[in-house]
Amino acid sequence: MGKVVVAAFISLDGYIEAPNREMVPPAPSPDLFRYFIERNLTRAGVFVYGRVSYEGMVRYWTSPDADAKEAARLAASRKVVFSTTLAGADWGQVEIARGDPAAVVKRLKTETDKDIVILGGAGVANSFMRAGLVEEYFVLVTPMLFGGGTPLFAPGLPRTQLRLLEARPFDLGSVLLTYAPA
């Protein structure tokens, strides 16, 4: 049975978005594709998003800037978007979830043996963290300070002791950290 994984990139000061909800991805590099993007594409049975992150991913991965091969793989993957406002979604296999994350995860775990990877949305990630559903944190720390924005870890999360599974420096100065609850 797969794990529930928060997979995110954050600035060194802990933000997944810069001020004004600006998404600032890490610089493209062979290490980024090999150890972060490829790993997520290989391990995921389902990708989970919040609405804003989902719409941002669609914009990026359908743009001319995106790697066509990786974009096609991501489009073909199964996706669940948590939203109360999204009326429809048409980027491959997409389900819109409006319910309790715990109930959705319980169902998804019966439908895939692979990981359930939360790729975007601090709100969704924090809901999963508050419910004690996250079994791994796969966090790419980028060598940037945003000075504000949307934090990955919101105030008020339960105290959770973690154990380091891996720390991998990347070619352009990012560091990939993998933790699991102790």
Side-chain angles (χ1 to χ4, degrees), residues 1-10 14-17 21 23 25 35-61 70-141 150-166 176-182:
M1 182 175 293
K3 301 180 292 277
V4 176
V5 178
V6 169
F9 48 84
I10 64 172
Y15 298 100
I16 63 169
E17 294 174 322
R21 301 200 81 165
M23 186 178 145
Y35 297 112
F36 190 79
I37 295 172
E38 179 62 31
R39 173 85 190 277
N40 284 320
L41 284 167
T42 301
R43 76 189 306 188
V46 181
F47 287 111
V48 174
Y49 302 93
R51 178 190 57 81
V52 172
S53 295
Y54 169 76
E55 291 173 340
M57 293 291 275
V58 171
R59 268 191 310 279
Y60 175 76
W61 287 104
E70 303 305 328
R73 287 178 65 198
L74 195 53
S77 66
R78 184 173 176 200
K79 295 168 278 304
V80 173
V81 180
F82 280 85
S83 175
T84 58
T85 60
L86 191 63
D90 60 2
W91 185 41
Q93 302 178 56
V94 183
E95 169 190 342
I96 300 171
R98 302 193 195 287
D100 171 44
V104 173
V105 165
K106 183 177 179 182
R107 177 179 54 82
L108 291 174
K109 282 195 167 210
T110 67
E111 297 172 358
T112 183
D113 292 331
K114 296 178 88 176
D115 291 343
I116 298 165
V117 179
I118 304 163
L119 261 188
V124 169
N126 280 272
S127 293
F128 277 67
M129 288 184 253
R130 277 190 198 90
L133 299 171
V134 178
E135 298 165 272
E136 183 176 294
Y137 296 87
F138 193 64
V139 179
L140 181 65
V141 180
T150 306
L152 176 58
F153 303 102
L157 290 173
R159 182 179 295 202
T160 305
Q161 182 66 42
L162 303 173
R163 63 186 165 88
L164 179 66
L165 301 178
E166 182 180 18
L176 180 59
L177 301 171
T178 308
Y179 287 96

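One-based numbering along the sequence shown.
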Just wondering, more than 12 heavy atoms not from [X] lying within 6.0 Å of its [atom1]?
{"X": "K114", "atom1": "NZ", "answer": "yes"}
{"X": "R21", "atom1": "CZ", "answer": "no"}
{"X": "Q161", "atom1": "CD", "answer": "no"}

Yes or no on side-chain contact (heavy atoms from CB on, under 4.5 Å) for W61 and E70, after CA distance, side-chain angles and deciding distance?
CA-CA 8 Å; W61 287 104; E70 303 305 328; 3.7 Å; yes
Donor-acceptor pairs are to be reported for all side-chain atoms of residues 37-48 against protein atoms at under 3.5 Å, with residues two or more places apart or in another chain.
| unit_1 | atom_1 | unit_2 | atom_2 | d |
| --- | --- | --- | --- | --- |
| E38 | OE1 | R73 | NH1 | 2.6 |
| E38 | OE2 | T42 | OG1 | 2.9 |
| E38 | OE2 | R73 | NH1 | 3.3 |
| E38 | OE2 | R73 | NH2 | 3.3 |
| N40 | ND2 | F36 | O | 3.1 |
| T42 | OG1 | E38 | O | 2.9 |
| R43 | NE | D115 | OD2 | 2.8 |
| R43 | NH1 | E136 | OE2 | 3.0 |
| R43 | NH2 | D115 | OD2 | 3.2 |
| R43 | NH2 | E136 | OE1 | 3.4 |
| R43 | NH2 | E136 | OE2 | 2.5 |

Can you name the closest pair of heavy atoms from [X] and [Y] and give their distance?
{"X": "L108", "Y": "R78", "answer": "CD2-NH2, 3.4 Å"}
{"X": "A154", "Y": "N126", "answer": "N-OD1, 3.0 Å"}
{"X": "L176", "Y": "Y35", "answer": "CD2-O, 3.7 Å"}
{"X": "G99", "Y": "F82", "answer": "O-CE2, 3.6 Å"}
{"X": "G120", "Y": "S53", "answer": "C-OG, 3.1 Å"}
{"X": "A75", "Y": "W91", "answer": "CB-NE1, 3.4 Å"}

Side chain proximity check, [X] to [Y], heavy atoms < 4.5 angstrom:
{"X": "Y54", "Y": "L86", "result": "yes"}
{"X": "L162", "Y": "Y137", "result": "yes"}
{"X": "M57", "Y": "K79", "result": "no"}

So R51 and I96, side-chain contact (heavy atoms from CB on, under 4.5 Å) or not? Walk me through it.
CA-CA 9 Å; R51 178 190 57 81; I96 300 171; over 6 Å; no
Taking A180's backbone N and O only, do any of them form a donor-acceptor pair with E135's side chain (distance below 3.5 Å, no angle check)?
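Looks like no, no N/O pair under 3.5 Å.
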Nearest 0.5 Å please: distance from the [atom1] atom of [X] over to the [atom2] atom of [Y].
{"X": "L157", "Y": "R130", "atom1": "CG", "atom2": "CZ", "result": "5.0 Å"}
{"X": "L133", "Y": "F128", "atom1": "CG", "atom2": "CZ", "result": "6.0 Å"}
{"X": "E17", "Y": "L152", "atom1": "CD", "atom2": "CG", "result": "10.5 Å"}
{"X": "I10", "Y": "L140", "atom1": "CD1", "atom2": "CG", "result": "8.5 Å"}

